[in-house]
Peer 1: 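One structure, as structure tokens, below. Some questions next.
Letters A, B, ... mirror the listed sequences (proteins, then strands); counts begin at 1.
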Amino acid sequence: MLNQRLSAALSVSRVFRAAPLRSFTLSSRLQQKSAAPETPELSSKKPLSRIAVGVNTPPKATATPSGSLEFASWKAIVLLLVTGGGFTWFFSREKRRLAIQKEAEANRGVGKPLIGGPFNLVDHNGNTFTEEKLKGKFSLVYFGFTHCPDICPDELDKMGLMLDELKKDNINLQPIFITCDPARDSPEIIKEYLSEFHEDLIGLTGEYNEIKSVCKRYRVYFSTPPDLKPGQDYLVDHSIFFYLMDPEGNFIDALGRQYEADGAVAKIKEHVASYLPADQRQQKKEAWYGFLFK
Amino acid sequence: MTWLNFKEEQTDAPNRSARKQCWESRDLFFACLDKSKIENSLAPGADKQVASACAKPLKAFERDCASSWVKYFQEKRYVDIKKERMIQDMKSKGIEVPFGK
């Protein structure tokens with residue numbers, strides 16, 4: 001009963017739909033007339049408009065599915081929003097993925113790599129470590145030195161946070177620390193130093209010329225003060241970046257100090273998600289629709 | 001190999017607790033410099049002022065940090081002060097600061 005009243009009230013409010021409204025008014029008037037003998041006070045004392053709708057018999061006209069147009073329109077709006085939103089989300093995601101792929105591809109360079117390349121160093125356990133070991137997984141390379149006063153420890157702590165955060169998403173980077181201070185940083189010293197930061201960190205050192213060469217290849221500026229006496233305390237100036245290398249050992253991005261751990265993690269995730277192996281990249285370029293990615 | 005030659009003379013790199021100790025002493029020393037309104041503690045002639053105002057925290061700072069760090073942190077402090085002043089100056093003139101803060 002309450003439902004019927006409610007629907008009747010609703011249909012009255014639908015002013016723009018004239019036909020059902022008219023039929024409803026007519027039928028209710030008819031009902032009033034036929035009901036008059038039993039309840040004379042209703043028809044004689046109160047104006048028609050004041051008589052509660054559907055008092056005696058349910059107004060049949062309102063029960064007809066006359067509201068189907070409105071019903072369809074809210075459905076249509078929801079459908080539009082959902083599909084529109086879906087498409088927007090999908091295309092913006094695809095656009096971002098392509099942008100990231102393009103950025104990585106530009107950084108990989110053609111022919112000779114812009115950043116990175118062969119090196120021959122020694123890890124913190126005294127084993128040889130070359131660029132070959134960058135293959136098969138994403139690596140994050142950081143240059144620093146163990147006597148670094150404040151920035152390197154901060155950055156290495158940040159790197160530890162990033163590694164743990166990425167592990168939650170099953171992304172296992174190979175974190176690499178390369179010293180710019182081979183004179184003081186022996187494998188043992190690096191091992192002890194890195195053990196305080198993250199257990200996955202691989203520390204690399206080597207002969208001065210090897211370090212100089214790897215720094216040059218990674219475009220790392222570093223300078224040791226000239227005329228050093230053995231045992232003298234000094235600092236090494238160096239540039240501060242995390243280098244993200246893809247599983248082929250190619251450089252794909254440099255993350256500077258402007259990135260907090262969260263931002264760097266988000267960027268790395270994007271790179272990992274949009275990474276395509278070399279053969280697939282080539283295939284895509286050569287396909288008939290390859291012009292789309294240029 | 002180069003590092004082997006130096007190894008005997010070298011002390012190990014400061015570990016986490018040594019760094020923390022050094023940073024704490026540094027902060028105490030710098031707080032004293034701030035209070036005494038000394039901006040460039042390495043400026044020629046500033047040493048007397050530093051010695052009279054902050055002798056004790058300076059001694060602790062030098063004890064807890066390697067000599068290269070002592071120099072580095074003081075230089076950095078002065079650079080940061082100048083940088084902050086420049087940013088404030090640019091902001092007051094309505095220039096957009098490109099390097100944040």
Side-chain angles (χ1 to χ4, degrees), chain A residues 120-122 124 126 128 144-157 160 177 179-198 203-212 224-225 228-238 256-260, chain B residues 1-31 33-34 41-42 57-84 87 96-101:
Chain A
N120 185 13
L121 299 172
V122 179
H124 58 264
T128 309
F145 64 111
T146 62
H147 284 70
C148 181
D150 51 357
I151 295 168
C152 320
D154 275 357
E155 293 291 283
L156 286 173
D157 276 333
F177 170 89
T179 180
C180 297
D181 186 15
R184 284 188 296 190
D185 291 345
S186 66
E188 301 79 45
I189 286 178
I190 290 181
K191 187 174 186 171
E192 201 182 319
Y193 179 71
L194 292 181
S195 68
E196 286 190 323
F197 291 99
H198 196 279
L204 302 182
T205 184
E207 287 190 52
Y208 180 80
N209 284 334
E210 289 291 347
I211 291 291
K212 206 176 153 185
T224 323
L228 272 175
K229 292 176 199 78
Q232 190 186 332
D233 183 34
Y234 61 91
L235 296 180
V236 182
D237 277 339
H238 66 93
R257 286 204 79 196
Q258 78 272 22
Y259 282 96
E260 293 295 321
Chain B
M1 290 199 180
T2 329
W3 73 76
L4 292 176
N5 306 335
F6 286 104
K7 212 185 142 194
E8 289 76 36
E9 291 104 348
Q10 291 304 327
T11 49
D12 283 1
N15 59 18
R16 194 177 285 276
S17 59
R19 277 198 301 272
K20 192 166 169 264
Q21 178 78 51
C22 164
W23 293 347
E24 277 168 6
S25 303
R26 171 199 64 185
D27 292 344
L28 286 175
F29 175 57
F30 284 0
L33 290 179
D34 289 343
S41 48
L42 294 174
L58 174 63
K59 214 174 157 190
F61 179 43
E62 285 174 339
R63 179 197 64 213
D64 295 334
C65 302
S67 62
S68 59
W69 291 26
V70 168
K71 187 163 163 266
Y72 164 81
F73 283 132
Q74 292 183 80
E75 285 169 351
K76 185 167 179 282
R77 175 174 175 268
Y78 185 47
V79 168
D80 287 346
I81 289 173
K82 283 197 291 189
K83 187 178 157 194
E84 188 56 36
I87 289 171
E96 206 171 303
V97 185
F99 37 87
K101 263 212 171 178

Peer 1: Is it the side chain or the backbone of F145(A) that comes within 4.5 Å of chain B heavy atoms, both, or neither?
Peer 2: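 Interface part for F145(A): neither.
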Peer 1: Can you confirm whether E260(A) is buried at CD, in the sense that more than 12 heavy atoms of other residues, nucleotides or ligands lie under 6.0 Å from that atom?
Peer 2: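 No, not enclosed.
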Peer 1: Of the backbone (N, CA, C, O) and the side chain (C-beta and beyond), which part of D150(A) lies under 4.5 Å from a heavy atom of chain B, both, or neither?
Peer 2: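 The answer is both parts of D150(A).
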Peer 1: Using 0.5 Å steps for rounding, measure from the NZ atom of K76(B) to the CD1 atom of I151(A).
Peer 2: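 If we round to the nearest 0.5 Å, K76(B):NZ and I151(A):CD1 are 6.0 Å apart.
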Peer 1: Which heavy atom in S68(B) sits nearest to a heavy atom in L235(A), and how many Å separate them?
Peer 2: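 Closest approach of S68(B) to L235(A), heavy atoms only: OG-CD2, 3.5 Å.
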Peer 1: If you round to the nearest 0.5 Å, how far is CG of D157(A) from CZ of R16(B)?
Peer 2: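 So the gap between those two atoms works out to 4.5 Å.
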Peer 1: Checking N209(A) against chain B: side chain, backbone, both or neither under 4.5 Å from a heavy atom?
Peer 2: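 Neither part; nothing is under 4.5 Å.
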Peer 1: Give a yes or no answer on whether the side chain of W23(B) reaches the backbone of P149(A) with a donor-acceptor pair at less than 3.5 Å.
Peer 2: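 Pair found, side chain donor or acceptor close to backbone of P149(A).
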Peer 1: Quick one: are R19(B) and P153(A) in side-chain contact, heavy atoms under 4.5 Å?
Peer 2: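 Contact flag for R19(B)/P153(A) side chains = yes.
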